[in-house]
There are 2 protein chains.
Amino acid sequence: MVKAGRKSRAPGRSGAAPTRDRIVDAAIETLKSHGFAGASAREIARTGGFHPALIFYHFGSISDLLLAALGETSSRRMESYRAEVEQARTLPELVEAAARIYREDLESGHIKVLAELIAASSSFPEMGPRISELVEPWETFARETIERALAGSPLAALLPPDELAHAVVALYLGMELLTHLDRDRSGVQALFQRASTLAPVLSALLPGAPERGDPR
Amino acid sequence: MVKAGRKSRAPGRSGAAPTRDRIVDAAIETLKSHGFAGASAREIARTGGFHPALIFYHFGSISDLLLAALGETSSRRMESYRAEVEQARTLPELVEAAARIYREDLESGHIKVLAELIAASSSFPEMGPRISELVEPWETFARETIERALAGSPLAALLPPDELAHAVVALYLGMELLTHLDRDRSGVQALFQRASTLAPVLSALLPGAPERGDPR
DNA sequence: GTCTATACTTGGATAGAC
DNA sequence: GTCTATCCAAGTATAGAC
């Protein structure tokens, strides 16, 4: 159900559910449930119900599979993000959307996959550059969203969108990790709550920012 | 409680450089250089020049050693932090101190140890609560610092120090991970640069905040 | 009481079977 | 062309030597 439905580009027949996709799905699932350290070939294979060695045949190594898994979940998630964020025009709406997205992500575990691999790249520096490539679209996305929200506002000069975008990505990442630490979401929820209280105030102070729903 | 006294409370004589301390130091060093995944008993032992099994004799398990290592580096670091931050009274000074501290930490690798273990706790949930205990002092420290900086300011009502503290810790953590990803500090440096540009402005807008050294 | 040799388990990866 | 049985390295932890 969650499949991109493209033709199998690697060995495999082009019908039904290519093994390759099954492996990627199993890897995502395993990363969510067991983390990076628990995402061994054997565990992934157990999750997906196939033989461990299939991973090496199709991907060459665990790292390559995990990177592919991140790429897959990342692009799937990007679609949802875009859809939700495009709806939001005012700053309050944007904050609302961000909170909703974050909650969804936390529950579905998509951010976790990203956080796991970013954290893991400390131990495996050779993965760094490739993960970096997969993070970049997120920074770009954040920057574009911020640019739209601050368009015409004097704040854009004080807080350049690209720097803000970097900070937002870092903040999301840090929150994800801290949240999983004690399985307590209250800290993050409080932050979003605060942000949604503050957003209208800030919005009122920024005459240049788009305020679609404002009956002027 | 992890450890407190200088006297070896576990087996060991109380003279010179107890094995226990050598092991902790080796663990810290290994976490910095090889990350969590690379911090195996064998690797730590190789770093410290002792037999791997000593770890199990003195600490019982790798996890327990790693937690002890985090506790040690954390309390060492907390001292430096307090010393530097107590100097700062104005907001600009505080930002300056934060940037300096962050740079030191990045170079010495202390934050990395924290980030490694926090990330690792995703894979080993049983470590979560204990790491959480070790993170708490940092949130408290951040909160107290923020409280002092915002004392008497109306901003404190809009941005409660405890929520801000949580966000700051998350941001530091996220920045640390992103920085190590591509070994590029420019993003973070830009942020601190921006913060130090903004701090005086913000400070001027907040009449309640303490502004000790303002001779102009 | 302190430390080492060694057992046992799990993991990544390949050589060869269908 | 697709998948499985199997090998070897690395990991944790204990049973026993100094």
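Chain identifiers are assigned alphabetically (A, B, ...) following the order of the sequence lines, protein sequences preceding nucleic acid strands; residue numbering begins at 1 within each chain.
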### Query
Any side-chain N or O of A:Ser40 under 4.0 Å from OP1/OP2 of C:dG11?
yes
### Query
When the distance from CZ of B:Phe59 to P of D:dA13 is rounded to whole Å, what number comes out?
14 Å
### Message
Just so I know, are the side chains of B:Leu66 and B:Ile44 near enough to count as touching, which here means a heavy-atom distance under 4.5 Å?
### Response
yes
### Task
Mind calculating the distance between OH (A:Tyr57) and P (D:dT6) to the nearest angstrom?
21 Å
#### Entry: Length of the line joining A:Ile23:CD1 and D:dT2:P, which is rounded to integer Å
12 Å
### Query
Starting at CZ of A:Arg22 and ending at C1' of D:dC3, how long is that distance when rounded to a whole Å?
12 Å
### Task
Assign B:Ile62 to base, sugar-phosphate, or nothing according to its heavy-atom contacts below 4.0 angstrom with the strands shown.
sugar-phosphate
### Task
Please state how far atom CG in A:Leu65 lies from atom P in C:dA13, giving the value in whole angstrom units.
11 Å
### Query
Does a nitrogen or oxygen in the side chain of B:Thr19 sit under 4.0 Å from OP1 or OP2 of C:dC3?
yes
### Query
Strictly under 6.0 Å, is that where the ring centroids of A:Phe36 and B:Phe36 end up?
no
### Task
Rounded off to whole Å, could you give me the CZ-to-P distance for the B:Phe56 and C:dT2 pair?
19 Å
### Query
Just checking, is any N or O donor in the side chain of A:Thr30 or A:Glu43 under 3.5 Å from an acceptor N or O on the other one?
no
#### Entry: Cationic tip of B:Arg20 above B:Phe59 ring, under 6.0 Å, 45° of axis
yes
### Task
Take the protein atom CZ of A:Phe50 and the nucleotide atom C1' of D:dT4, then report the distance between them rounded to whole Å.
14 Å
### Task
For B:His51 and C:dC3, say yes or no: do the ring centres fall under 5.5 Å of each other while the ring planes differ by less than 30°?
no
### Task
Ignoring backbone atoms, establish whether B:His58 has a side-chain N or O less than 4.0 Å from OP1 or OP2 of C:dC3.
yes
### Sugar-phosphate only, base, or nothing, as touched by A:Ala53 at under 4.0 Å among non-hydrogen atoms
base
#### Entry: Note: B:Glu139-B:Arg143 ion pair, threshold 4.0 Å (strictly below)
no
### Task
Grab the CG-C1' distance between A:Leu54 and D:dG1 for me, whole Å please.
13 Å
